[in-house]
Amino acid sequence: SGINFDHYDDIPVEASGENVPEPITEFTAPPLDDLLFENVQLARFTKPTPVQKYSIPIIAAGRDLMACAQTGSGKTGGFLFPVLSESFKNGPSPVTNNGGYSYQRKAYPTAVIMAPTRELATQIYDEAKKFCYRSWVRPCVVYGGSPIGNQMRQMDQGCDLLVATPGRLNDLLERGKISLSNVKYLVLDEADRMLDMGFEPQIRHIVEDCDMTPVGERQTLMFSATFPDDIQHLARDFLSDYIFLSVGRVGS
Ligand code: ADP
Ligand code: MG
């Protein structure tokens with residue numbers, strides 16, 4: 001697996017939907033935030049991968065997305081870069097405090113990323129930490145099979161971008177330790193694997209919780225290596241006016 005940097009410009013990409021934004025050919029600010037762009041350069045990401053070329057402008061344009069691409073094609077940056085760019089721009093809410101100027105940390109996440117396993121959630125979290133360098137955004141990760149007490153205390157301290165396995169996120173929701181009322185971005189990474197692992201009820205519960213958000217401006221982004229019937233069904237249920245992106249050969 002991994003990216004073959006010699007041939008990735010030849011990988012066929014299909015994008016369908018209404019008014020598909022033009023793909024980017026280079027990392028530039030805009031559409032990336034200046035600080036995020038600097039962090040991308042620090043990470044020595046010199047060129048966007050095929051999925052990133054399309055997903056970055058699509059997400060930056062405010063669209064929902066269903067993207068199918070194989071493992072190692074750069075999907076993490078494909079959603080993290082536009083999501084973090086928007087978060088960096090917005091910044092924390094400034095408040096006046098005792099005549100001085102301070103920042104009030106947002107208590108609840110504006111971005112939630114679901115992943116099937118502890119290992120995958122941790123990988124996304126590590127990537128998020130790297131690209132949040134010198135920003136105000138605080139990423140957190142929660143997963144099952146680990147004591148919930150520490151994770152509850154982390155949630156009490158506030159979290160801007162939350163990476164979570166569906167079971168543990170549901171648990172924290174049921175305990176009232178987290179609210180999804182601020183969520184602007186909901187990402188389902190490795191959606192096919194999450195369904196294979198039996199997470200559909202938890203995922204549906206989480207999406208329903210997000211649906212209670214009064215602001216109707218949430219973006220939902222789904223990523224999957226394959227596109228079988230049950231994933232097509234979820235996409236129809238969760239996404240609105242979405243763009244379908246398929247990179248390389250995608251199995252069903
Ligand atoms: P996927 O989620 O599609 O399996 P990842 O996002 O984990 O793929 O990316 C695979 C590897 O490629 C990671 O090590 C990541 O850091 C690296 N990578 C991703 N995008 C780029 C890029 N534009 N330039 C260089 N390396 C990249
Ligand atoms: Mg991935």
Side-chain angles (χ1 to χ4, degrees), residues 1-15 23-33 35-60 65-85 111-133 139 141 143 161-166 185-197 199 203 220-227 231 234-235 243-251:
S1 78
I3 302 166
N4 183 333
F5 286 90
D6 296 331
H7 296 295
Y8 76 18
D9 278 332
D10 306 333
I11 296 172
V13 178
E14 177 201 323
I24 56 170
T25 54
E26 302 289 334
F27 288 125
T28 52
L32 300 182
D33 170 80
L35 177 57
L36 195 273
F37 175 69
E38 284 176 25
N39 289 347
V40 167
Q41 294 195 303
L42 281 177
R44 298 178 198 281
F45 281 24
T46 50
K47 260 181 83 168
T49 67
V51 68
Q52 291 165 1
K53 286 179 181 174
Y54 282 81
S55 69
I56 290 169
I58 289 169
I59 298 168
L65 174 66
M66 172 75 238
C68 297
Q70 67 173 53
T71 301
S73 56
K75 294 191 286 295
T76 315
F79 59 78
L80 272 184
F81 297 168
V83 166
L84 290 177
S85 286
V112 168
I113 299 153
M114 279 187 267
T117 64
R118 170 189 185 142
E119 186 200 15
L120 287 162
T122 303
Q123 280 174 20
I124 298 165
Y125 169 69
D126 287 341
E127 217 53 355
K129 255 194 323 194
K130 184 163 78 182
F131 292 106
C132 284
Y133 179 55
V141 63
Y143 39 73
L161 178 141
L162 178 63
V163 187
T165 53
Y185 296 99
L186 183 66
V187 182
L188 280 73
D189 195 21
E190 308 238 7
D192 48 357
R193 275 190 74 187
M194 291 200 286
L195 291 192
D196 289 345
M197 291 173 68
F199 279 133
I203 293 171
T220 308
L221 314 168
M222 286 179 59
F223 291 81
S224 185
T226 60
F227 199 52
I231 295 291
L234 272 199
I243 291 171
F244 175 81
L245 197 58
S246 139
V247 179
R249 276 178 199 286
V250 174

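Indexing begins at 1, ligand by ligand and atom by atom, following the structure's order.
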Give the atom numbers and elements of ligand 1 that come within less than 4.0 Å of a heavy atom of [X].
{"X": "Q70", "value": "3 (O)"}
{"X": "K47", "value": "22 (C), 23 (N), 24 (N)"}
{"X": "T71", "value": "4 (O)"}
{"X": "S73", "value": "1 (P), 3 (O), 8 (O)"}

Side-chain heavy atoms of T220 within contact of L65, under 4.5 Å
no
Mind checking whether L120 and R193 have side chains closer than 4.5 Å, heavy atoms only?
yes
Report the part of [X] in contact with ligand 1, treating N, CA, C, O as backbone and CB onward as side chain, heavy atoms under 4.0 Å; options are side chain, backbone, both, neither.
{"X": "F27", "value": "side chain"}
{"X": "Q123", "value": "neither"}
{"X": "E127", "value": "side chain"}

Is there a nitrogen or oxygen of T76 sitting under 3.5 Å from a nitrogen or oxygen of ligand 1?
yes
Judging by distance only, is a nitrogen or oxygen of P48 under 3.5 angstrom from one on ligand 1?
no
What residues form a salt bridge (Lys or Arg N to Asp or Glu O under 4.0 Å) with E14, not counting sequence neighbours?
none
Partners meeting side-chain contact (heavy atoms from CB on, under 4.5 Å) with D126 (sequence neighbours left out)
T122, K129
With a 3.5 Å distance limit and no angle check, can you tell me whether S224 reaches the backbone of E190 through a side-chain donor-acceptor pair?
no
Is the gap between the ring centers of F37 and F27 under 6.0 Å?
no
Heavy atom to atom 4 (O) of ligand 1, shortest distance: which of A225, G78, G72 holds it?
G72
Give the ring-plane orientation class for F81 versus F131, where under 30° counts as parallel, over 60° as perpendicular and anything between as tilted.
perpendicular
